[in-house]
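Numbers restart at 1 for each chain; the letters A, B, ... are given by sequence-line order, proteins then strands. The analysis underlying the following values was restricted to heavy atoms, covering all of them including side chains, and did not include hydrogens, waters or symmetry mates.
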Amino acid sequence: MPGSVQSIERAAAILQVIAGSGGRLGLREISEAVGLAKTTAHGLLRTLVTVGFVAQDRRTGRYELGAGLLSLGTSYLDDNELRARASNWTDALASRSGSAVRLGTLAGTQVVVVHHVFRPDDSAQELEVGTALPAHATALGKVLLACQVPLPPLPQELERFTRATSTTAAELAPELQETRTRGWALEREEHLPGVAGLAAPVRGAAGLVVGALGITAPVAAVLDGRGAPRPALVGMVTDAATAVSRELGERRPEHSRG
Amino acid sequence: MAERYVLAIDQGTTSTRAIVFDRAGRLVAVRQREHQQHFPRPGWVEHDPEEIWANAQRTAAQVMGDVAALPGELVALGIANQRETTVLWDRRTGRPVTRALVWQDTRTADLVAELAARPDAHLVAERSGLEIAGYFAGPRLRWILDSVPGARERAERGELLFGTMESWLIWNLTGGPAGGVHVTDVTNASRTLLMDVHTCRWDPELLAFFDVPAAVLPEIRPSVGVIGSATALPTPVPIAGALGDQQAALFGQACFQAGEAKCTYGTGSFLLQNTGTDLVRSSHGLISTVAYQLAGEPVHYALEGSVAVAGSLVQWLRDGLGLISSAAEVETLARTVEDNGGCYVVPAFSGLLAPHWAGEARGVVAGLTSYVTKGHLARAVLEATGWQTRDVVQAMDADSGLPLPALRVDGGMTTNNLLMQFLADVLDTPVVRPMVGETVSLGAAYAAGLAVGVWSDVAALRRNWHRSAQWSPRPERAAALTAEYPRWQRAVELSIAWGR
């Protein structure tokens, strides 16, 4: 098989063996079954445990399939489906906050805009669906990066857009930690001068983060005189993200008319 | 000042929804419940009116609980309903004599053909403004009177009441057998073939033509105005607005001036253009209908182009062919290819409505080659909705002489960006989506709120309208699609010829 990656083939073989065993195998049986040295098999298993595809019973030391693998098939959500299900709540958020609303998903280190609602002032605006935003410099991106386990590898140097942009992974890390803890992200002119943003995670039926929903507006609209985000806006954004998550958690009947 | 909320009940084809809006026209809470579709024979579609009433009552009560409005904060109830769906019930027991005959039901085809062949059939279009077609409610009422044993005699004795869905809900909301108000709004009445569209009264000659006794008919009321108190809800609320769902969408889109138009993309697609207080008669296959009426004011009219199959074609791709697992995924599938691969789908599942009115037409997939994949088919499915809109818009331009400055769109399919861009290109007109996508419910809420003074006038409603997205035509694509249009028209001809 030209071009195949040996460690992935081996990991796949290990997963097949574990899947067929019903959680009864220890390291020795697994390494024998796939024909690998115990140290090699152990390294692979440790990585599989880290990413959540394999779990190890603490008491017996035996291996079984991990929850991450089981939810793999259900965590995927079609972008167009996400937009269709979120639309009512993104409209209401734009209307309430007076700001443009975007819904994004992560593709590598970029955010793809899957839905965009204009700022409700009827000024000329371009629809940005399908465009990419830098994850490290936007509230949407920081939410999506913060919810990734493990964090995707970021380049050594991150692109600078303004003086406020975090340009190293180390500089970004505490920001992501804070986003994780409080459940929403703030953007202070890191992408565009004069523009601030807020975003919160949208969770799918399995509880995994499938997107981020947020607003952008002039700095003065988002931050108060002391530079703190306005609590009412934070509430609107997190409420809208929660409403979409709830929508995704339920199977919605189609509504039609004549 | 205390908040003031308006409740809307949107009684649709597949479900009933109760939605609460605030004074800024923003959606505050929503509840929804599906009802069963009954298909007892090919071409027959029925709903259980009692199930629908129970769903309306339940979702309204739930959404009132969600909002937890203080007493007096919920000031009005508006109703929008699936149009032309016909109910006949016993005024003493409140029991329907049979299940509701749904607007998609084609059982009256033979009856309609027979009636259309009569020498005095021209009367129908002249008086009602409509094509004589099984799509409208009158022939369904006649069918029930002819087919349910004893129904005609009971109707003539005044024991039975006829109504479209808003009549049925209002009667039940206001007490049912114990003093329920038997009314219809003028937009729904204009869809029966029984009303004179000029005077907005039941027409004795039309009643004679369809052999319908006047005793079953509800009183015709303006769309905006207090009708009665909904005592069947946890807290009584004044019912102050009622409109057919497409007219409600026109109202919700704030199309109050002559020339303004909207198209709703749901099961079918419904383009309505306000023609002001003048009744415009179509010579290009559109129908003249009532847009709305404010109590004490003249009626506003609309030209309408209804297309039976739009979103339901995507559902067919999902349920009939199993090519996608949700309706929204059609865009994902369509984006796997660059174009339609020469493929055209004419979704004439039960004939074609505007502007063709060919009940005999049947669906065709034209241009199949081995090159065509499911991606091309998905694209052709979406494009079918765009092409059909072009058919209707061309007819509308020719009839009204009011070219569209922009098309306001709403409905579930407006979250499909591929379709919305195709529409802008194929119409060579900007396509604009408003901030509140739920324009049907919003229109019902606006009508009710206007009647009780939540909003002072239609200008106040217009100020609530904001654009949430716009798709602009791309000149090159527009030119290419104009060149391609005859191929679509050819496919339509084939679908009509196939059914002959």
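Only the side chain of V129(A) comes within contact range of chain B, with heavy atoms under 4.5 Å apart. In this structure, chain A has a heavy atom under 4.5 Å from the side chain of R433(B), while its backbone stays farther away. In this structure, the portion of S123(A) lying under 4.5 Å from any heavy atom of chain B is its backbone and not its side chain. When heavy atoms are compared at a cutoff of 4.5 Å, A124(A) approaches chain B solely by way of its backbone atoms N, CA, C and O. For chain A, no part of V330(B) is nearby; none of its heavy atoms comes within less than 4.5 Å. Using a 4.5 Å cut-off between heavy atoms, H116(A) contacts chain B through its backbone alone, with no side-chain atom that close.
For the residue pair R191(B)/N188(B), the side-chain donor-acceptor check at 3.5 Å is not satisfied. Side chain to side chain, E34(B) and T14(B) fail the donor-acceptor criterion of an N or O pair below 3.5 Å. Looking only at atom types and distance, the side chain of N88(A) has a donor-acceptor partner in the side chain of E438(B) under 3.5 Å away.
Interface remark: of the candidates D122(A), D121(A), V117(A), D122(A) forms the most heavy-atom pairs closer than 4.5 Å to chain B.
When all heavy atoms are compared, the tightest approach of T289(B) to E304(B) is CG2-OE1, 3.8 Å.
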Item to check | Derivation and outcome, side chain to side chain contact (heavy atoms under 4.5 Å, CB included), residues L106(A) and L145(A) | outcome: CA-CA 8 Å; L106(A) 196 64; L145(A) 288 175; 4.2 Å; yes
Item to check | Residues Y5(B), V63(B); criterion side chain to side chain contact (heavy atoms under 4.5 Å, CB included); working and verdict | outcome: CA-CA 12 Å; Y5(B) 298 107; V63(B) 86; over 6 Å; no
